[in-house]
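Let me begin by presenting the structure, written as structure tokens, before commenting on it.
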Amino acid sequence: MGKIAKLVIDGKTYELPIVTGTEGERAIDISNLRKETGLITLDPGYANTGSCESSITFMDGEKGILRYRGIPVEQLAEYSTFVETAYLLINGDLPSAKELNRFSVMLNDHSLVHEDMRAFFENFPRRAHPMGILSSMVNAMRAFYPELPERSDEEEINITFARLLSKVRTMAAISYKISRGHKVVYPRHNLSYCANFLNMMFDSPVRPYIIDQDLVQALEVFWILHADHEQNCSTAAVRLVGSARVNLYAAISAGICALWGPLHGGANQAVIEMLQEIYESGGDPAPFIAKARDPNDPFRLMGFGHRVYKTYDPRALIMKKMCDKVLKKLKRHDPLLDIAKKLEEVAIKDPYFIDHNLYPNVDFYSGIVLRAIGIPLNMFTVMFAIGRLPGWISQWKESLDDPHWKLHRPRQVYIGPKKRDYISKKERGFPV
Ligand code: CMC
């Protein structure tokens, strides 16, 4: 008999099973709660709610641990590539040389975007945000490419995943080129996933792009660090929308929309905007920290705080080192990095930030790396989205194979008016 929790309601005791994960994390299984007691739980923002069991990513927010399929993210950032990490997330284990080669060939084979889709890109207003364009285009993919039917064979599933991973990257680069009114650059078969992206973004007939392996490496690490983060807002959106058995493209498109928000993936753009504002106001972060502390001011320090991490986000540590490395390599100085470091130094000693467990998250330093690579500010969240794709895909796949799978449909506690009658238009003074 496993462990149980006891719940007493109106003098009656109910027993609820306790589920323990492989890393010792415990949860009370309330799946029969309403059936047995007539009650539901209330948990705004789902901060205490586990929506599924998952074997993909492990996080310990108190200790600052992040592992994909058991492997620490620090090791993946040091030794792996984004493509290999994507394979690991989707398939569960690191690939053999043959498997990795096959996966890379597939990504190359599916990297082109249907030429008819070009018309879509060209008709978005030039100032449209690339996240809006990307979510629309991913949803539109269903019109151009086959849906994954239930009980598809492994080959069909792998092709669909490769199609998404490869084409989303190409679409991101196309939208950038079109937004600038420049000629689109096609993917090249002899370039790696990351190098190909940089080339599609920055190569031009008048100024050929010289691929710098250090920048390619920085991008590999950036994308590895963003590849999955268990049940975050956008992944939960993919699982929720996917639970209606909608096609994969629509589910991923929903994830992109969720990621767009400044409290989630949009924070990487918001951080740079905030650092720029501090820079333009003389470089002193103190007034911004005071604003963030003020309970009457809705301002938040962007790139600080996390729902799960109550200590330094392990990804932010790697990203901070990456900023120094990339800027040193480029022999460039970024005053925003100085401001970010100064801000962090003051904030982490501030009682408000200590009491609230607010530390830099992944977005705090990532924008400095993207700026150094040459990525424009409005493309930052798109970069996050490309990185998060393997996570969304693997979580969607896991939810499909889950024997306990159910349509996601939360309940609520209704606090609106009690039953009342319709008042006729005449009584409300409408002209007859
Ligand atoms: N600046 C100032 N105060 C903050 C901040 C912040 N960045 N974050 C949280 N707080 C305070 C908040 O005001 C509240 O204070 P009090 O209890 O006194 O009212 C308390 O901390 C708890 O806030 P919460 O919103 O209930 O906590 P949460 O777990 O929902 O917050 C968060 C998570 C990420 C939404 C929040 O920390 C935040 O808004 N951060 C800034 C945006 C940001 O950097 N987002 C990127 C997250 S990491 C990348 C990703 O996974 O998407």
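Counting from 1, the numbers follow the sequence of the chain as shown. Whatever order the structure lists ligands and atoms in, that order sets their numbers, starting from 1.
- When non-hydrogen atoms are compared, ligand 1 lies under 4.0 Å from neither the backbone nor the side chain of F364.
- The N/O atoms of A267, backbone and side chain alike, include none that comes under 3.5 Å of an N/O atom in ligand 1.
- Ligand 1 has no nitrogen or oxygen under 3.5 angstrom from a nitrogen or oxygen of R315.
- Using a non-hydrogen distance threshold of 4.0 Å, F299 does not register as a contact of ligand 1.
- Annotation: F304 places an N or O atom under 3.5 Å from an N or O atom of ligand 1; distance criterion only.
- The closest side-chain heavy-atom distance from V83 to S104 is below 4.5 Å.
- Nearest protein neighbour of atom 34 (C) of ligand 1, counting heavy atoms only, is G305 O, 3.8 Å.
- Both the backbone and the side chain of H264 come within 4.0 Å of ligand 1, counting heavy atoms alone.
- For the residue pair F82 and P390, the shortest heavy atom distance occurs at CZ-CG, 3.6 Å.
- Protein heavy atom in closest approach to atom 11 (C) of ligand 1: Y352 OH, 3.4 Å.
- Here L263 has heavy atoms under 4.0 Å from ligand 1 in both its backbone and its side chain.
- Aromatic ring centroids of F197 and W223 lie under 6.0 Å apart.
- Taking a 6.0 Å sphere around CD of E99, one finds it holds more than 12 heavy atoms contributed by other residues, nucleotides or ligands.
- Backbone and side-chain nitrogen or oxygen atoms of D363 are examined, and none is located within less than 3.5 angstrom of a nitrogen or oxygen of ligand 1.
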Show the numbers, then the answer: is there a ring pair (Phe, Tyr, Trp, His ring centres under 6.0 Å) between H306 and H229?
CA-CA 12 Å; H306 197 276; H229 217 221; 5.3 Å; yes
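- Under a 3.5 Å cut-off, the side chain of K397 and the backbone N or O of I90 do form a donor-acceptor pair.
- The neighbour count for I71 CD1, taken as heavy atoms of other residues, nucleotides or ligands under 6.0 Å away, is above 12.
- Nearest protein heavy-atom neighbour of atom 19 (O) of ligand 1: H356 NE2, 5.0 Å.
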Begin with the C-alpha distance, continue with both residues' side-chain angles, and end with the deciding distance and a verdict on ring pair (Phe, Tyr, Trp, His ring centres under 6.0 Å) for F364 and F304.
CA-CA 7 Å; F364 193 63; F304 260 75; 5.1 Å; yes
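- Note that atom 26 (O) of ligand 1 has no protein non-hydrogen atoms nearby, at separations under 4.0 angstrom.
- Counting heavy-atom neighbours within 6.0 Å of K177 NZ, excluding the residue itself, gives a total above 12.
- Per-atom contact check: atom 29 (O) of ligand 1 touches the protein, criterion being a heavy-atom distance below 4.0 Å.
- In this structure, W260 and T381 approach most closely via the heavy-atom pair CA-CG2, 4.2 Å.
- Contact analysis leaves N232 out of contact with ligand 1, as no non-hydrogen atom separation drops below 4.0 angstrom.
- Between L358, D297, T381, it is L358 that holds the heavy atom closest to atom 4 (C) of ligand 1.
- Which parts of ligand 1 touch G303 is read off a 4.0 Å heavy-atom cut-off, strictly below it: atoms 43 (C), 44 (O).
- The residue among R388, R300, R307 with a heavy atom at the shortest distance from atom 35 (C) of ligand 1 is R300.
- Side-chain atoms of S135 come within 3.5 Å of backbone atoms of G132 as a donor-acceptor pair (strictly under, hydrogens ignored).
- Under 4.0 Å from ligand 1, not a single heavy atom of R293 appears.
- Looking at R180 and R126, their side chains never come closer than 4.5 Å, going by heavy atoms from C-beta outward.
- When distances from atom 47 (C) of ligand 1 to the protein are checked, a heavy atom turns up under 4.0 Å.
- For ligand 1 and G265, the ligand atoms under 4.0 Å from any heavy atom of the residue are 52 (O).
- The protein non-hydrogen atom at the shortest distance from atom 42 (C) of ligand 1 is M302 CE, 3.5 Å.
- Ring geometry for F202 against Y209 counts as tilted: the plane angle lies between 30° and 60°, on a 0 to 90° scale.
- For H264 (side chain) and A258 (main-chain N/O), no donor-acceptor pair under 3.5 Å exists by modelled atom type.
- Looking from atom 7 (N) of ligand 1 to the surrounding protein, the closest heavy atom is L301 O, 2.8 Å.
- Near H306, meaning under 4.0 Å from one of its heavy atoms, ligand 1 places the atoms 33 (C), 37 (O), 48 (S), 51 (O).
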